[in-house]
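To start, the structure itself, in structure tokens.
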Amino acid sequence: MESPAVHATLQQLRLFEAVARLGSVTRAAAEVHLTQPAVSIQVKRLEAQVGMPLLESVGRTLRPTPAGHEVLAAGRDILGRMESLEAALDGLRGDVAGPLRVAAVTTAKYFMPHLMGAFLKRHPKVRPVLSVINRANLLERLAGQQDDLFITGRVPGALPVAADPFLDNVIVPVARPDHRLVGRAQVPMAELAAERILKRELGSGTRSAVEQAFEAEGLRPPPFMELGSDEAIKQAVMAGLGIACLSTHCIAAEVAAGRLVALDVAGFPLVRQWFAVRRAGRALPGTASAFLDFLRDEGAAVLGGKARPPA
């Protein structure tokens, strides 16, 4: 007996993709600006077309079933092709328009909105979506090709990717203004390592860069505290709980206000790069290609920072 044909609509595929990606009908409904019942109805209709359940509950999260993974992969391919078609037609009209999906690690939230804003002033028909997530989630989304570009300070080594540096990532030690090391010149790194060090969680690119710098000097200072965000670390430093090494992008406001002070420590600042990463061999949509060109050619100038090529 022949299997029934699946006559899914683009709307059903879009809504199912959102539920599968976010793990929740509620979050999917909020993202697409529909009611929860409207999203649930469309997903149930898609399941009826397929003839099998597409989602299952794992704790409080919805996950695709084996059939759901097949539909999800096909749906993303179809939706991606439709977006590519739209972008190609816009290109023929001479427009840079359409969706632009960018995922960025959390520290990049301090500069990516400014870059997107500058780009949109030039190309107002672009519809941007910026997802600010931790590195683990970014790698997951990169593996699933869920976004066009991925902004990170470390190029993933486990996946075939192309990476373009576009901005310096300058990392400095910071303390509150009354810390004993403030005002001293060329503090030895060993003395810095003896302080109470506040660090991001394991997997953080900033933490990895700083630990490599310490290890190059034969030092391995244990974290006095581990915190899950740069904002939490800044608050902890200002509260006098210790010192931290942070990107200058995330401390500019506090330094300007005198709430934090960059320390003069031998071996610092550390200069790394921010990269725009994409899967190797994947053709970018026109909007993403234009945004990548903008980042490479003008991103550093927009933010007043000079990009440097990798060593």
- Verify same cluster id: Val105, Leu202 (apolar side-chain graph, 4.5 Å): no
- Query: So, the side chain of Gln49 versus the backbone of His7: is there a donor-acceptor pair under 3.5 Å, distance only?
  - Reply: yes
- Under the 3.5 angstrom rule, does the side chain of Gln12 hit a backbone N or O of Thr9 as a donor-acceptor pair? yes
- What is the minimum heavy-atom distance between Pro156 and Val161, and which atoms define it? O-CG2, 3.9 Å
- Message: So Asp264 and Arg184, do their side chains get closer than 4.5 Å, heavy atoms only?
- Response: no
- Give a yes or no on whether the backbone of Leu241 and the side-chain of Arg196 come within a donor-acceptor separation of less than 3.5 Å. yes
- Task: Locate the shortest heavy-atom distance separating Gly267 from Met189; write the atom from each residue and the value.
- Result: CA-CE, 4.0 Å
- Message: Quick check for you: to the nearest 0.5 Å, what is the distance between Ile133 atom CD1 and Thr106 atom OG1?
- Response: 9.5 Å
- Glu70 CD: over 12 foreign heavy atoms closer than 6.0 Å: no
- Item | Donor-acceptor contact present, side-chain Lys234 to main-chain Cys250, <3.5 Å | yes
- Message: Rounded at 0.5 Å granularity, tell me how far CD in Gln36 sits from OG1 in Thr26.
- Response: 3.5 Å
- Query: Looking at CZ of Arg101 and OG1 of Thr287, how far apart are the two atoms once the value is rounded to the nearest 0.5 Å?
  - Reply: 8.0 Å
- Heavy-atom distance under 4.5 Å between the side chains of Val210 and Ile171, does that happen here? yes
- Using a 4.5 Å cut-off on heavy atoms from C-beta on, say whether the side chain of Ile251 contacts that of Val172. yes
- Item | Pairwise side-chain contact, Leu227 with Gln235, heavy-atom cut-off 4.5 Å (strictly under) | no
- Query: Do the non-hydrogen side-chain atoms of Thr107 and Trp274 ever get within less than 4.5 Å of each other?
  - Reply: yes
- Query: Any link between Ile41 and Val39 through a network of hydrophobic side chains (Ile, Leu, Val, Met, Phe, Trp, Tyr) touching at under 4.5 Å?
  - Reply: no
- Would you indicate whether the side-chain heavy atoms of Arg122 and Glu298 approach each other to under 4.5 Å? yes
- Query: For Leu292, does its backbone N or O pair with a side-chain atom of Arg278 as donor and acceptor, under 3.5 Å?
  - Reply: no
- Query: Which residue pairs pass the side chain to side chain donor-acceptor pair (under 3.5 Å) test when at least one of the two sits in residues 214-229, sequence neighbours left out?
  - Reply: Arg207-Glu226
- Just how far is it from atom CG of Leu130 to atom CE of Met112, taken to the nearest 0.5 Å? 6.0 Å
- Any donor-acceptor pair under 3.5 Å from Arg27 side chain to Leu22 backbone: yes
- Please say which of Leu263, Leu192, Val170, Val187 ends up in a side chain to side chain contact (heavy atoms under 4.5 Å, CB included) with Phe268. Leu192
- Note on the structure: Taking every heavy atom of Leu54 against every heavy atom of Glu47, the minimum-distance pair comes out as N-OE2, 2.8 Å
- Interatomic distance, CG@Leu100 vs CZ@Arg127, rounded to 0.5 Å, equals 10.5 Å
- Message: Taking Arg180 first and then Glu195, would you say they form a salt bridge - that is, a charged N and a carboxylate O separated by under 4.0 Å?
- Response: yes
- Query: Is a donor on one side and an acceptor on the other found under 3.5 Å between the side chain of Arg63 and the backbone of Gly23?
  - Reply: no
- Item | Parallel, tilted or perpendicular: rings of Phe119 and Phe294 (30°, 60°) | tilted
- Query: Are the side chain of His179 and the backbone of Gly240 linked by a donor-acceptor contact shorter than 3.5 Å?
  - Reply: no
- Item | Spacing of Phe275 atom CZ and Asn169 atom CG [to the nearest 0.5 Å] | 9.5 Å
- Query: If you measure from the Lys or Arg side-chain nitrogens to the Asp or Glu carboxylate oxygens, is any gap between Glu17 and Arg14 under 4.0 Å?
  - Reply: no
- Message: Holding to salt bridge (Lys or Arg N to Asp or Glu O under 4.0 Å), I want the full list of residues that pass it with Arg200, two or more places apart in sequence or in another chain.
- Response: Asp230
- Check whether the side chains of Glu56 and Thr65 place a donor and an acceptor atom closer than 3.5 Å, and report yes or no. no
- Query: Side-chain heavy atoms under 4.5 angstrom apart, residues restricted to Ile, Leu, Val, Met, Phe, Trp, Tyr: same cluster for Val174 and Val265?
  - Reply: no
- Heavy-atom donor-acceptor pair, Asp148 side chain to Val102 backbone, under 3.5 Å: no
- Message: Grouping I, L, V, M, F, W and Y whenever their side-chain heavy atoms are under 4.5 Å apart, do Leu79 and Leu72 come out in a common cluster?
- Response: yes
- Validation row: Leu34, Gln42 side chains within 4.5 angstrom (heavy atoms): no
- Residues Pro177 and Arg259: closest non-hydrogen pair is CD-O, 3.3 Å
- For Ala209 and Leu270, the nearest pair of non-hydrogen atoms, with its separation, is O-CD1, 3.7 Å
- Message: Are the side chains of Leu284 and Phe291 in contact, using a 4.5 Å heavy-atom criterion?
- Response: no
